[in-house]
**Q** 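The structure is given below, and queries will be raised subsequently.
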Amino acid sequence: MNTTHQPDVVDVGVIEAPAPFSAWFAIAVLVGVTIFSFVDRQILAVVALPLRESLGLTDLQLGALQGLGLALFAAIASYPVAWLADRFDRRLILCIGIAIWSVATAACAFQTTFEGLLIATIGIAVGEAGLFPIIWAVIPDLFPGRQRAAANLVYFLAAVLGTALGLSISGAVFGWMAAHGTLLPGFLGDMEPWRTTLLFVAIPGPLFVLLVATLRLKGSRAAAVASAAAFANTIADSGFVAYARRHIVTLACVFAAIAAYNIGASSALIWLPTALPRIFPIDPATVSIELGMVMAPASLLGVGISALCVTFWKGDRSVMAPRVASIAFLIAAAPTALLPLVTAPWQALALVAVQFAAGMTAASVIPSIVQDISPPHLRARNFGAMTVVALVPQGLSPLVIGGLSEFVGGAHGLISAIAVVGAPAWMIAAGLIWRSEPFFRRTVAEVRAASPITVTAGQASAPTMV
């Protein structure tokens, strides 16, 4: 651990100048890019049935497209793309990513074999791999101080609601193509509707490339060099490996808590449509619809609670985000543990609503936690590492719950497995974040002291353009 004296970093209550219009315009463009990515990511699920019939695919092959093609390769590509984003102009890396996933989505329309479709799907995953690491990395450059927390919440809420919007857009495009696709000119009119759908959802790609290229985003190579140089003034080795070694406890606790959160959050949402029909006379489609109906208001409530904490938090604001997350994680454990005791479907949905609201409260401050512990020149890489850690348990937890359900057996076996896996996961996430606080403080102090934008005791420096 570095023992060099650092200036005391405090919140001096400086009145910050409002973020410029260009910053909020950038957020609007990035929200649009995110919704566009959701459309291209979800479109294969929307056209899965006609695609399966057209190419003669099995359910296992369809699962491989969604799991192996999208999730696994997105995890593999996240950190390398984030590394590039920390060393070169982040606009350039994001523009390349948009171009790759747009071309790959369009290429899916012309595939006639599973192998070709898998390769194109991998292209979508690789193109989208850097999206969230880059966006969460540039928000602190656009918004200073407390405004960053507000911007995080705005983008987070837009991203959450954008998942449903992306699914709706995908379905609407496919529905129109299925009904009117034959009216399209030339060879388009002769193509199967699922193929023309894939082509049309890729069309906005060049527009978003142009919009991103015109944004006033920081993060160029010159900015990365300046940030690394400023960090090196107080830290002998400013590289990622040395940083990770100095703050291994902070990173391990935060990233492991995020992994545990993903297990808790996904356990109920993935398995309840299967678990409840085994206990009650209700079909999976109805459960899915009702789950969707409780998710939206619960998401709004969770983000609203986070916004209230950002606005009215008293005391040390440097630990606001981890304390909010740990409390919310702990609250989410209770309704998860109570799931095996439900006697009616509405009770399960009510418990999930409480769990989801608490989970969204925590999830909406996680970006702030990672931003706070990340030096500017390493920020995208930290988010890339977080993405890898988050995707792996999210893919493994359904297998664990399914195996435990078979071991327990009976009509209540599955819902009991959800509680047995999910509730401890929430509690582990809460404990890890709570345990990390003293280490978190030291990491934040080092990052702030070494940052080009530093607020020291009795002095406030204006945001520096980098």
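Note that the structure is a prediction, hence the values are computed from the model and not measured.
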**Q** Could you check if a side-chain atom of Ile258 sits within less than 4.5 angstrom of a side-chain atom of Met386, using non-hydrogen atoms only?
**A**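 SC-SC contact between Ile258 and Met386 confirmed.
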
**Q** Distance alone, cut at 3.5 Å: any donor-acceptor contact between the side chains of Glu128 and Ser37?
**A**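 The answer is no; no qualifying pair exists.
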
**Q** Among all residues two or more places apart in sequence or in another chain, which pass the salt bridge (Lys or Arg N to Asp or Glu O under 4.0 Å) test with Arg441?
**A**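 Salt bridge (Lys or Arg N to Asp or Glu O under 4.0 Å) check on Arg441 returns Asp316, Glu437.
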
**Q** Any side-chain hydrogen bond (donor to acceptor under 3.5 Å, both in side chains) involving residues 198-212? Give me the pairs, sequence neighbours left out, ordered by first then second residue.
**A**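 As it turns out, there is no side-chain hydrogen bond (donor to acceptor under 3.5 Å, both in side chains) pair with a partner in residues 198-212 once direct neighbours are skipped.
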
**Q** Counting C-beta onward and ignoring hydrogens, is there a side-chain heavy-atom pair between Asn382 and Phe255 closer than 4.5 Å?
**A**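 They are in contact (side-chain heavy atoms under 4.5 Å apart), so the answer is yes.
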
**Q** Taking the side chain as every heavy atom from C-beta outward, state whether Ser78 and Phe383 have any atom pair closer than 4.5 Å.
**A**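 A side-chain contact under 4.5 Å is absent here.
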
**Q** Give the minimum heavy-atom separation between Gly130 and Val81, together with the two atoms involved.
**A**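 Minimum heavy-atom separation between Gly130 and Val81: CA-CG1, 3.5 Å.
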
**Q** When you look at CE of Met191, are more than 12 heavy atoms from neighbouring residues, nucleotides or ligands closer to it than 6.0 Å?
**A**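 For Met191, atom CE is crowded (more than 12 foreign heavy atoms under 6.0 Å).
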
**Q** Sequence neighbours left out, what passes ring pair (Phe, Tyr, Trp, His ring centres under 6.0 Å) with Phe329? Give chain and number order.
**A** Tyr261

**Q** Check ring pair (Phe, Tyr, Trp, His ring centres under 6.0 Å) between Tyr79 and all other residues, then give those that pass, not counting sequence neighbours.
**A**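 Ring pair (Phe, Tyr, Trp, His ring centres under 6.0 Å) check on Tyr79 returns Phe240.
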
**Q** Check the angle between the aromatic planes of Trp83 and Phe88 and answer parallel, tilted or perpendicular using the 30° and 60° thresholds.
**A** perpendicular

**Q** Minimum heavy-atom separation for Tyr243 and Ser374, please, with both atom names.
**A** OH-CA, 4.0 Å

**Q** What side-chain hydrogen bond (donor to acceptor under 3.5 Å, both in side chains) pairs are there with at least one residue in residues 192-208, not counting sequence neighbours?
**A**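 As it turns out, the side-chain hydrogen bond (donor to acceptor under 3.5 Å, both in side chains) pairs with a partner in residues 192-208, which skip direct neighbours, are Ser54-Glu192, Glu192-Arg195.
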
**Q** Under the rule for ring pair (Phe, Tyr, Trp, His ring centres under 6.0 Å), what residues qualify as partners of Tyr155, not counting sequence neighbours?
**A**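 In terms of ring pair (Phe, Tyr, Trp, His ring centres under 6.0 Å), with neighbours along the sequence ignored, Tyr155 is linked to Trp136.
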
**Q** Check the side chains of Gln371 and Asn152 for a donor-acceptor pair under 3.5 angstrom, ignoring hydrogens and angles.
**A** yes

**Q** Does the separation of the ring centres of Phe143 and Trp24 fall below 6.0 angstrom?
**A**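 Centroid distance Phe143-Trp24: below 6.0 Å, so yes.
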
**Q** Quick check: do Pro367 and Ile139 have side-chain heavy atoms less than 4.5 Å from each other?
**A** no

